[in-house]
2 protein chains.
Amino acid sequence: MKFNELNPEMLERASGLLKTIAHPARLAIVSLLENGNRLSVSEIHRSLGMEQSVASRHLVILKDRGILSSEREGRNIYYYLKISGLGDMLGCLAGCCSG
Amino acid sequence: MKFNELNPEMLERASGLLKTIAHPARLAIVSLLENGNRLSVSEIHRSLGMEQSVASRHLVILKDRGILSSEREGRNIYYYLKISGLGDMLGCLAGCCSG
DNA sequence: AATATATATACAAATATGTTGATATCACAG
DNA sequence: CTGTGATATCAACATATTTGTATATATATT
């Protein structure tokens, strides 16, 4: 599948997706939610050692742009990956970065 | 390979790579250079319908950040992908965007 | 040297993104 | 209704990215 043969709209969507995850914190979040993991905001911010408000802001961004979904359970809100196939992409990315 | 288990430096590198290609023009360029293609600046800017200076600027950015290499042949400068495995990543990306 | 072609760069304006800390909202237990 | 834990938002400021246009540099040809 080649981007250059495709319409500008497709390029925009693809670069939008990349932009969204092209942030260390968001990359870490997405990576944490691979394999169908569902985690609350607290679990995420503690696990990654970032401020609660920072984690929340990134989670909202990821959700707004269609990468995550969330569901409330009691006082917690659980986030999870909405786009299947993102895990594969991260795999390729890790490969590109190490090799 | 999981990012969250890795050092911040790795996350920085990965998000840097993503940021670099997270631009419609650069995505188109990288896509054009998949499969070992070698193209001159002229060929690229004509093929993608962008100004010469715009193409050149993006090519320099991609080269500076280690994604492309270039070689002069006569008056032309040919660019090509330096990172193998980027093609695979674009494949995943296209999958994520359509599905 | 003069010209033409190919590529790169400079600069300023516009736009977007990130950061921090404080504060607001929401849900539940008692 | 109050207190507490969980989550989201806001404002202000700093930084970075993009764009357009013009111009500079390099190479080759004659």
Side-chain angles (χ1 to χ4, degrees), chain A residues 8-9 11-30 32-33 37-82, chain B residues 8-9 11-30 32-33 37-82:
Chain A
E9 190 191 334
L11 280 172
E12 284 294 341
R13 260 197 300 159
S15 78
L17 172 56
L18 290 179
K19 262 183 207 170
T20 302
I21 64 174
H23 184 289
R26 295 198 287 271
L27 207 47
I29 290 173
V30 169
L32 203 56
L33 296 177
N37 286 341
R38 283 167 62 91
L39 296 173
S40 71
V41 180
S42 300
E43 290 169 324
I44 292 168
H45 98 251
R46 279 190 219 111
S47 167
L48 296 177
M50 55 178 76
E51 288 293 319
Q52 180 274 322
S53 75
V54 171
S56 174
R57 193 163 31 77
H58 287 302
L59 286 166
V60 168
I61 290 172
L62 287 164
K63 186 183 176 189
D64 281 351
R65 307 201 185 162
I67 292 167
L68 302 183
S69 284
S70 66
E71 278 163 15
R72 179 180 282 278
E73 275 176 32
R75 344 189 187 196
N76 298 321
I77 296 187
Y78 289 88
Y79 280 89
Y80 53 95
L81 272 189
K82 196 175 169 185
Chain B
E9 189 191 334
L11 281 172
E12 284 294 340
R13 263 197 298 159
S15 78
L17 172 56
L18 290 178
K19 260 184 208 169
T20 303
I21 63 174
H23 184 288
R26 294 198 287 270
L27 209 45
I29 290 173
V30 170
L32 203 56
L33 295 177
N37 286 340
R38 282 168 63 90
L39 296 173
S40 70
V41 180
S42 300
E43 289 169 326
I44 291 167
H45 99 250
R46 280 190 218 109
S47 167
L48 296 176
M50 55 179 75
E51 288 293 320
Q52 179 274 319
S53 74
V54 172
S56 174
R57 235 199 336 252
H58 287 302
L59 286 166
V60 168
I61 291 172
L62 287 164
K63 186 184 175 187
D64 281 351
R65 308 202 184 162
I67 292 166
L68 303 184
S69 283
S70 66
E71 278 163 16
R72 179 180 284 275
E73 275 177 31
R75 345 191 188 200
N76 297 321
I77 295 186
Y78 289 88
Y79 280 89
Y80 54 95
L81 271 189
K82 196 174 169 187

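By convention in this document, chain letters (A, B, ...) are assigned in the order of the sequence lines, proteins followed by strands, and residues within each chain are numbered from 1.
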| Within 6.0 angstrom of E73(B) CD, more than 12 heavy atoms from elsewhere | yes

| Side-chain N,O (R26(A)) to OP1/OP2 (dG18(C)) below 4.0 Å | yes

| request: May I ask you to verify if any side-chain N or O of S56(B) is less than 4.0 angstrom from the OP1 or OP2 atom of dT7(C)? | output: no

| message | Check the phosphate of dT7(D) against S42(A), side-chain N and O only, distance under 4.0 Å to OP1 or OP2. Yes or no? | response | yes

| query | Whole-Å distance between dT7(D) P and I61(A) CD1? | reply | 17 Å

| request: Give one of base, sugar-phosphate or nothing for E51(B), where a contact means two heavy atoms less than 4.0 Å apart. | output: nothing

| Within the structure shown, what part of the strands sits under 4.0 Å from R57(B) by heavy-atom distance: base, sugar-phosphate, or nothing? | base

| query | Nearest-Å distance, CD (E73(A)) to C1' (dG5(D))? | reply | 16 Å

| task | State whether N76(A) places a side-chain N or O below 4.0 Å from either non-bridging phosphate oxygen (OP1 or OP2) of dT7(D). | result | yes

| For K19(B) and Y78(B), take the nucleotide of DNA chain C holding the closest heavy atom to each; which residue's nucleotide lies nearer the 5' end? | Y78(B)

| task | Can you check whether any acceptor in the base of dA8(D) is under 3.5 Å from a donor in the side chain of Q52(A), or vice versa? | result | yes

| request: State whether H23(B) places a side-chain N or O below 4.0 Å from either non-bridging phosphate oxygen (OP1 or OP2) of dT19(D). | output: yes

| field | H58(B) side-chain N/O to dT9(C) phosphate OP1/OP2 under 4.0 Å | value | no

